[in-house]
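See structure below.
Treat the numbers as computed from the prediction; the structure is a model and nothing was measured. We name chains A, B, ... by the order of the sequence lines, and we start the count at 1 in each one.
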There are 2 protein chains.
Amino acid sequence: MAASTLTEVARLAGVSPATASRVLNGSARIPGKDIAERVRQAAESLGYIPNAQAQGLAKSSSGLIGLIVHDIADPYFAAIARGVQDAAREQHKMVLLATTEGAPDSEKEAVAAFAARRADSIVIAGSRTSRAEDLGGNTELAAELDRYCRNGGHVGVIGHGIVGAAAADGYHVVRVPNEELAAQLATELAASREEDFVIVGGPEGLFTSDDRIRGFQRGLASAGLPAADVIRTHFTRAGGFEAGLALAARIAASQPGTEAKRLCIFAVNDVMAIGAAAALRSQGLRIPRDAAVAGFDDIETLRDFRPALSTVHLPLEEIGRQAASSAAGPSADDAGSPPITGQVILRRSTEVAHPSSTESVA
Amino acid sequence: MAASTLTEVARLAGVSPATASRVLNGSARIPGKDIAERVRQAAESLGYIPNAQAQGLAKSSSGLIGLIVHDIADPYFAAIARGVQDAAREQHKMVLLATTEGAPDSEKEAVAAFAARRADSIVIAGSRTSRAEDLGGNTELAAELDRYCRNGGHVGVIGHGIVGAAAADGYHVVRVPNEELAAQLATELAASREEDFVIVGGPEGLFTSDDRIRGFQRGLASAGLPAADVIRTHFTRAGGFEAGLALAARIAASQPGTEAKRLCIFAVNDVMAIGAAAALRSQGLRIPRDAAVAGFDDIETLRDFRPALSTVHLPLEEIGRQAASSAAGPSADDAGSPPITGQVILRRSTEVAHPSSTESVA
DNA sequence: CTGTTAGCGCGTTCAT
DNA sequence: ATGAACGCGCTAACAG
């Protein structure tokens with residue numbers, strides 16, 4: 001009852017397994033026109049499906065590309081996954097998924113599992129961390145990756161490289177200019193307003209978050225503004241919401257004093273920004289009237305959110321694609337892919353004032 | 001340089017490969033306390049990682065569970081994927097991903113690919129279709145699935161069964177009561193208003209869409225209301241947007257006449273509803289003032305959308321989990337999982353009238 | 001151009 | 001309790 005094998009096909013076609021193999025997959029020429037047809041028919045009638053495990057064993061390569069994300073339901077990762085999937089299709093490979101919640105030790109496990117399956121390459125998305133508590137985990141992860149690379153595996157990491165990972169062969173990093181873009185966002189934001197800036201960031205040690213915070217502060221500084229307060233919270237919508245609640249209180253408290261200075265809140269990613277905005281709204285505050293809010297990533301699903309969220313567009317899908325194909329080795333153009341760039345997008349959530357007031361002042 | 005093998009470990013430990021195998025995996029007893037330890041150390045020092053391909057070949061099972069979705073970046077599928085992933089983790093398996101854009105022939109390919117990899121089970125999400133143009137594809141898909149099942153594979157389909165698929169062993173369907181829930185939504189909506197209803201549906205033949213349309217109409221009928229107009233469009237945000245544009249025109253045109261009857265728009269999924277809402281807004285219309293809008297699915301990422309979208313909550317993650325574990329065979333409780341249920345959630349997007357007007361009329 | 005012989009790395013009978 | 005031998009399904013060297 002088990003699926004029919006190549007040998008059976010060969011027997012039915014009256015040829016040797018080797019010949020059948022040559023016909024059903026493409027190695028050298030197989031102009032045995034007549035033979036080829038017989039084999040094909042035999043395969044067809046038997047409903048033959050090659051056993052990829054066996055093929056993999058024989059060729060020691062699996063046609064698999066492993067993808068590691070924090071959470072596939074997070075639109076950020078989902079977008080990247082789509083890019084990886086695209087690249088996989090081009091390479092005629094399949095993608096193997098692992099979600100890790102960002103824990104280095106379960107990332108290590110995932111890498112080991114991928115290695116066990118002899119994945120041709122591994123893509124790691126999700127920000128790296130440098131927290132003390134993750135130090136051990138990071139080291140082990142780096143070791144695991146190193147071993148994987150040494151055994152011929154290819155790795156594509158998105159954002160920062162793994163802490164402590166040697167620049168081994170087959171180890172690629174798709175850099176995302178988080179810091180520069182955040183600085184640019186701050187600059188553009190600062191150019192048209194005179195407000196107090198606040199940053200809602202992720203836990204300290206999260207590279208992506210830290211980079212964006214640093215960049216934003218730098219942008220502020222170069223605009224001659226003081227550094228913004230930083231609220232540390234979870235790198236999620238819930239975290240953003242929590243911070244938003246605190247900020248709402250702060251706004252309410254300061255209103256009687258000097259109502260002139262509106263708050264401009266920069267959340268280090270869109271999901272957090274949405275959370276913060278929701279919190280403000282739940283407290284009766286309105287955006288951008290009572291506070292401005294900006295995010296980062298330009299998540300597609302969030303584009304219909306109102307007021308439209310100012311953010312930094314990142315080509316997530318392209319990032320995923322690059323990570324997956326850089327790991328596949330320099331293909332046609334060995335010049336490598338173009339560096340990732342983003343783009344500041346100012347929308348309604350950070351509008352400076354209602355047209356009416358602008359007009360009246362002017 | 002290739003990864004070290006079990007044989008090498010065995011040699012280093014001074015035992016036979018068989019013994020090493022018994023130690024490193026759990027088959028029978030391995031009380032060779034001293035031996036076991038030696039083997040483990042050898043494995044450790046060599047950085048031994050079992051070759052899953054070889055294991056799979058030997059045991060003819062792969063620890064893989066295949067997942068087929070239209071688009072992993074669609075939050076609907078992403079949520080299901082998370083559930084599948086959870087189930088996979090519990091089963092100590094990994095998830096293989098395939099995206100097909102809903103095309104039956106590429107779904108067939110995906111099934112074949114999964115079969116080739118000897119996936120232990122396959123989960124198919126994404127609505128089935130009965131369009132004439134897909135007939136051939138569906139038949140082939142059904143045949144492929146049938147063969148897969150006959151070879152011992154397990155299949156879990158979400159929503160409707162594959163058209164033409166025999167109720168083979170190992171073929172499970174996680175039913176989603178789309179029709180009932182849509183009817184319920186219509187009933188609740190109809191109870192508190194006197195409006196013209198319009199349905200924004202997907203292309204004809206899409207089961208999920210058709211079920212929801214049918215159910216909604218039924219609900220309307222049982223409330224003594226006439227059937228709603230149905231606008232057919234793409235099952236995506238873009239489709240919803242397009243329909244929304246048309247509806248905006250319709251609203252604008254009818255306003256001079258009888259301004260009493262507001263439109264209540266039911267889009268067969270949340271993403272389309274959001275698209276429609278965006279279109280209305282782009283034409284200067286406001287929700288729920290100028291029109292009510294409802295969706296279906298209760299996508300998590302969309303919950304912060306304003307006005308809050310009335311919809312039908314579906315336990316997407318649980319659905320994915322069930323599909324993945326039903327396919328794993330009746331586990332602990334052979335009573336099977338509880339049937340999927342949803343819940344109508346009325347939010348602001350379908351509010352009947354502003355408190356003020358309600359008051360003044362009363 | 002085709003058939004034969006060896007493994008790929010591991011699990012699993014059999015003996016011992 | 002341990003080791004030897006065989007086979008999982010396929011590909012890659014060699015023969016012919």
Output the rounded distance in Å from [atom1] ([X]) to [atom2] ([N]).
{"X": "Q53(A)", "N": "dT11(D)", "atom1": "CD", "atom2": "P", "value": "14 Å"}
{"X": "R38(B)", "N": "dA1(D)", "atom1": "CZ", "atom2": "C1'", "value": "13 Å"}
{"X": "L6(B)", "N": "dA4(D)", "atom1": "CG", "atom2": "P", "value": "14 Å"}
{"X": "K33(A)", "N": "dT2(C)", "atom1": "NZ", "atom2": "P", "value": "12 Å"}
{"X": "I35(B)", "N": "dG3(D)", "atom1": "CD1", "atom2": "C1'", "value": "11 Å"}
{"X": "I49(A)", "N": "dC8(D)", "atom1": "CD1", "atom2": "C1'", "value": "17 Å"}
{"X": "Y48(B)", "N": "dG9(C)", "atom1": "OH", "atom2": "C1'", "value": "8 Å"}
{"X": "R118(A)", "N": "dC10(C)", "atom1": "CZ", "atom2": "P", "value": "7 Å"}

Checklist line | Minimum-distance pair of heavy atoms, taken over all atoms of A13(B) and A42(B) | finding: CB-CB, 4.0 Å

Note to self: Please pick, from dC10(D), dG9(C), dA4(D), the nucleotide with the shortest atom-to-atom distance to any side-chain atom of S16(B).
What the structure shows: dA4(D)

Using a cut-off of less than 4.0 Å, is there contact between a side-chain N or O of [X] and OP1 or OP2 of [N]?
{"X": "T19(A)", "N": "dT2(C)", "answer": "no"}
{"X": "S21(B)", "N": "dG11(C)", "answer": "yes"}
{"X": "T5(A)", "N": "dG9(D)", "answer": "no"}
{"X": "N25(A)", "N": "dT11(D)", "answer": "yes"}

Is the closest side-chain heavy-atom distance between [X] and [Y] below 4.5 Å?
{"X": "I122(B)", "Y": "I68(B)", "answer": "yes"}
{"X": "R321(B)", "Y": "V84(B)", "answer": "no"}
{"X": "D74(A)", "Y": "H70(A)", "answer": "no"}

Would [X] and [Y] pass as an ion pair if we require N to O under 4.0 Å?
{"X": "E8(A)", "Y": "R11(A)", "value": "no"}
{"X": "R38(A)", "Y": "D34(A)", "value": "no"}
{"X": "K108(A)", "Y": "D105(A)", "value": "no"}

Notebook entry, point to check: Is there a donor and acceptor pair, one atom on the side chain of R22(B) and one on the base of dG3(D), closer than 3.5 Å?
Noted result: yes

Margin query: Applying ring-ring contact (aromatic ring centres under 6.0 Å, His included), can you list everything that pairs with Y76(A), at least two apart in sequence or on another chain?
Written below: none

Check: For the helix from dC1(C)-dG16(D) to dT16(C)-dA1(D), what angle lies between the axis at the first five pairs and the axis at the last five pairs, to 10 degrees?
Finding: 40°

Margin query: For a quick check of understanding: with a heavy-atom distance under 4.0 Å over all strands, which category does P17(B) fall into, base, sugar-phosphate or nothing?
Written below: nothing

Next item on the list: Taking only heavy atoms on the protein side, list every residue of residues 55-63 of chain A lying under 4.0 Å from any atom of DNA chain C, sorted numerically.
Entry: L57(A), A58(A)

